[in-house]
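To keep things clear, I will list the structure first and then write my remarks on it.
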Amino acid sequence: MRLHRNLVYTTIDALNAIFNEGEYADKVVARSLKKDKRWGSSDRKFVAETIYEIVRWKRLYADIAEVKEPFDRDNLWRMFSVWAVLRGYPIPDWRQLEGTPERKIKGRFDELSKVRALKESIPDWMDELGVKELGEKIWATEIAAQNQPAKVILRVNTLKTTREALRAILMDLNIETEMLKNQPDALVLKERANVFLTDAFKQGFFEVQDANSQLVAAFLDVKPGMRVVDTCAGAGGKTLHIASLMENKGQLIAMDLYESKLKQLKIRAKRDGAFNIEYRIIDSTKIIKKLHEKADRVLIDAPCSGLGVLKRNPDAKWKLKPEFIDNIRKVQSEVLESYSKIVKPGGKLVYATCSILPSENQEQVERFLTTDIGKQFNFIKDQKILASESGFDGFYMALLERKESVEQKEKRVQKEIE
């Protein structure tokens, strides 16, 4: 087990881009992996995992190395040396790593790990918020779980194949997967692999989507032939799942504020063979008003803090700010009140986030139910999912049903019979 100079240099360059130039870790990692075509899978694995590890433990490693932001290249090398020592790598005779104090690093790690915010490598404000909202015990176990690397989960595209067939195709490529109980469309990779290079992906047989994210579309209770609106579609992971559950029958309207995201969704939909999707950019309130009381099902996958998906996006720990969470709560309230009007009487609404904070989740739903539009809904059920309990991302989803008069119900039932 030894360190290779070109792999480590690439890692240092990537950390500089993430920490000092504000780039997103996933984009930097993707770019870094294309740097040398001669690299094998173990080389690419080292680069990707090392970048994510140092991003994940930035605060702890910086404190151990006694460096402060903004990090110059010497600082980044000192943080890398901390990673190498704690991972048991022999320190090579390189100029940048001269005089690495191995015993001191191990001693400081033991000492600093007594403080949770340092041990879990998070900002103080985030630690305080987690305790305030979830309590000491739950937060301690949850943030520890959020610091574990995320597993790669596939969602089988049932418009094109079955779980068993896809599993066999991947097995032929030496990519082993496991099925998940009670999740008929999910496959978990036993080991990380670049599944995007496979013909199975290019043919639209699967998407990469966290196991708990896959629960949201199913929670919406869609059926073929319905009119369904995904109000915050983004690049469309959940939209595509809804399309497969609808078997391409009915009307699925994907909406978003950003045209660029809907363009990504169009490309994915074409690959997946999902052709019952219409795309609408929310560039005015008229777009929403035209759909008032028109949809059988509405998904509000609301913008949120993302505190349920830190294991997947560890750099979010450093990009998030307390004021952002304050602002996003206001946005959540607004979209819930506005987009809920799209649900027709007797129709259903799912409000979902990838956050674990009650203030973004059940408290938002409780507040909504006291508003004029919210009083027209019945609360059916909700689901709070923690990473520490499930092993996957943290999520929240609430199912609400819009009330209908006896006359409206009779008309709806008659139409369903016809």
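Residue numbers start at 1 and run along the sequence shown. Everything numeric in this text was worked out from a predicted model, so none of it was measured.
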* Asked: When you measure from the side chain of Asn378 to the backbone N and O of Glu401, does any donor-acceptor pair fall under 3.5 Å?
  -> no
* To do: Compute the ring centroids of Tyr351 and Phe368, then answer whether they are less than 6.0 Å apart.
  => no
* **Pairing of Asp296 and Lys344 as salt bridge, 4.0 angstrom limit** => yes
* Would you check if the side chain of Lys160 reaches a backbone N or O of Gln203 as a donor-acceptor pair within less than 3.5 Å? => yes
* Donor + acceptor pair across side chains of Asp315, Tyr24 (<3.5 Å) -> no
* Counting only N and O atoms by type, is there a donor-acceptor contact under 3.5 Å from the side chain of Lys321 to the main-chain atoms of Trp318? -> yes
* **Residues Arg31, Asp13: salt bridge by 4.0 Å N-O rule** => no
* Trp125 ring center near Phe324 ring center (under 6.0 Å) -> no
* Distance-only side-chain donor-acceptor flag, Glu360 / Ser305, under 3.5 Å -> yes
* For the pair Lys319 (side chain) and Glu23 (backbone), establish whether a donor and an acceptor sit closer than 3.5 Å, ignoring hydrogens and angles. => yes
* Is there a donor-acceptor pair closer than 3.5 Å between any side-chain N or O of Glu293 and the backbone N or O of Pro345? -> no
* Derivation and outcome, salt bridge (Lys or Arg N to Asp or Glu O under 4.0 Å), residues Lys384 and Glu142 -> CA-CA 13 Å; Lys384 310 171 193 76; Glu142 183 63 12; over 6 Å; no
